[in-house]
Amino acid sequence: MDFGDVMIASPNGRLARKPVSEGISPEKGADIHGPTAVIKSCAKMDHLKTGGTLLNQKFTPEVVAGEAGLNHMADLIRTYFDMDGHHIQFNVVGRDTLIAAQKNPEEYRDLIVRVAGYSDYFRNLDKPLQDEIIERTEQSFG
């Protein structure tokens, strides 16, 4: 994501010096056809030849709540691995919560987010990285 700091604008609409997507995750706003489309696209590559891949997905707590939400999430993960996907990780937090945590970090001291290949307390991240996580597409099932 730091690469964005030194990159010019890209043809997909990403502005100069804005973060690039992390790992093989879609560019923010490009993943408009849902999480199943994302994993189908990412599973097309030969993950064994890459030395490892990283795919982030973001869901709100409501989307994965209850037995139905849990089943959807489990099916997504199983399907990705059945298609020889390598690595997938999730943030389950809403945009409103992240914005509130950015404005009032002392009230969200325990909020941990998945950044790329690691997790960290949201309050420990610099504002551009917080903004990048906020801007990630909130996926849903159905």
Side-chain angles (χ1 to χ4, degrees), residues 1-5 7 9-142:
M1 289 174 288
D2 292 333
F3 292 124
D5 290 341
M7 293 178 63
S10 51
N12 66 354
R14 187 193 58 77
L15 300 175
R17 291 175 292 288
K18 290 291 184 182
V20 295
S21 66
E22 65 290 349
I24 62 171
S25 301
E27 196 69 44
K28 268 78 43 218
D31 45 351
I32 59 173
H33 297 292
T36 304
V38 171
I39 65 167
K40 286 173 68 176
S41 179
C42 291
K44 290 179 181 179
M45 67 188 311
D46 185 345
H47 295 267
L48 294 176
K49 291 183 179 177
T50 67
T53 59
L54 158 67
L55 171 60
N56 280 328
Q57 291 285 269
K58 180 179 169 189
F59 293 93
T60 62
E62 297 79 23
V63 170
V64 297
E67 190 171 338
L70 182 61
N71 287 336
H72 287 309
M73 181 71 95
D75 290 343
L76 181 75
I77 295 167
R78 282 188 199 101
T79 301
Y80 187 54
F81 291 143
D82 286 347
M83 294 186 299
D84 292 329
H86 174 80
H87 180 110
I88 187 169
Q89 55 196 24
F90 304 95
N91 273 315
V92 180
V93 61
R95 176 183 182 85
D96 292 342
T97 300
L98 293 171
I99 291 170
Q102 195 175 47
K103 290 179 182 175
N104 301 299
E106 64 284 349
E107 294 179 24
Y108 294 86
R109 297 183 57 79
D110 296 329
L111 178 61
I112 297 174
V113 294
R114 198 70 185 159
V115 178
Y118 67 98
S119 296
D120 202 345
Y121 290 100
F122 189 72
R123 61 183 163 80
N124 289 348
L125 307 175
D126 62 15
K127 187 174 184 316
L129 186 50
Q130 288 179 345
D131 290 342
E132 191 276 329
I133 291 170
I134 291 169
E135 292 170 12
R136 291 179 186 173
T137 301
E138 290 180 351
Q139 296 290 356
S140 63
F141 300 108

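Please read all numbers here as calculations on a predicted model, not as lab measurements.
Sorted by first then second residue, the salt bridge (charged side-chain N to carboxylate O under 4.0 Å, His left out) pairs that include residues 99-109, not counting sequence neighbours, number zero.
The CG atom of D110 sits 7.5 Å away from the CD1 atom of I112 when rounded to the nearest 0.5 Å. Between atom CD of residue Q57 and atom CZ of residue R136 there is a gap of 10.0 Å, rounded to the nearest 0.5 Å. Atom NE2 in H72 sits 14.0 Å away from atom CD in Q139 (nearest 0.5 Å). For the atom pair CD1 of I133 and CD of Q102, the computed distance is 10.0 Å after rounding to the nearest 0.5 Å. Within the model, atoms CG of L76 and CG of N71 stand 12.5 Å from one another, a figure rounded to the nearest 0.5 Å. Here NE2 of H47 is found 11.0 Å from CG of L54. Values are rounded to the nearest 0.5 Å.
With D84 contributing its side chain and A43 its backbone, the two residues share no donor-acceptor pair below 3.5 Å. A donor-acceptor pair is defined here as one N or O able to donate and one able to accept, closer than 3.5 Å; such a pair exists between the side chain of Q130 and the backbone of F122. Under the 3.5 Å distance criterion, the side-chain polar atoms of E27 are left unmatched by any main-chain donor or acceptor of R14. Judged by distance alone, the side chain of T79 and the main-chain N or O of D75 form a donor-acceptor pair under 3.5 Å. In terms of modelled atom types and a separation under 3.5 Å, the side chain of N91 and the main chain of K58 share no donor-acceptor contact.
With a 4.5 Å cut-off on side-chain heavy atoms, L15 and R17 do not count as touching.
The nearest pair of heavy atoms linking T60 to E138 is CG2-OE1, 3.3 Å. Of all non-hydrogen atoms in A101 and L111, the two that sit nearest each other are CB-CD2, 3.7 Å. Of all the heavy atoms in G94 and P61, the pair that sits closest is N-CD, 3.9 Å. The two residues E22 and N56 make their nearest non-hydrogen contact at CG-ND2, 2.9 Å.
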Intermediate values then yes/no, side chain to side chain contact (heavy atoms under 4.5 Å, CB included), L98 and Y108: CA-CA 9 Å; L98 293 171; Y108 294 86; over 6 Å; no
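Atom CZ of F81 has more than 12 neighbouring heavy atoms from other residues, nucleotides or ligands inside a 6.0 Å radius.
In terms of the ring-ring contact (aromatic ring centres under 6.0 Å, His included) criterion, residue partners of F59 (sequence neighbours excluded) are, by chain and number, F90, F141.
Looking only at atom types and distance, the side chain of H86 has no donor-acceptor partner in the side chain of T53 under 3.5 Å away.
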Donor-acceptor pairs under 3.5 angstrom involving side-chain atoms of residues 33-42: please list them, not counting sequence neighbours.
none

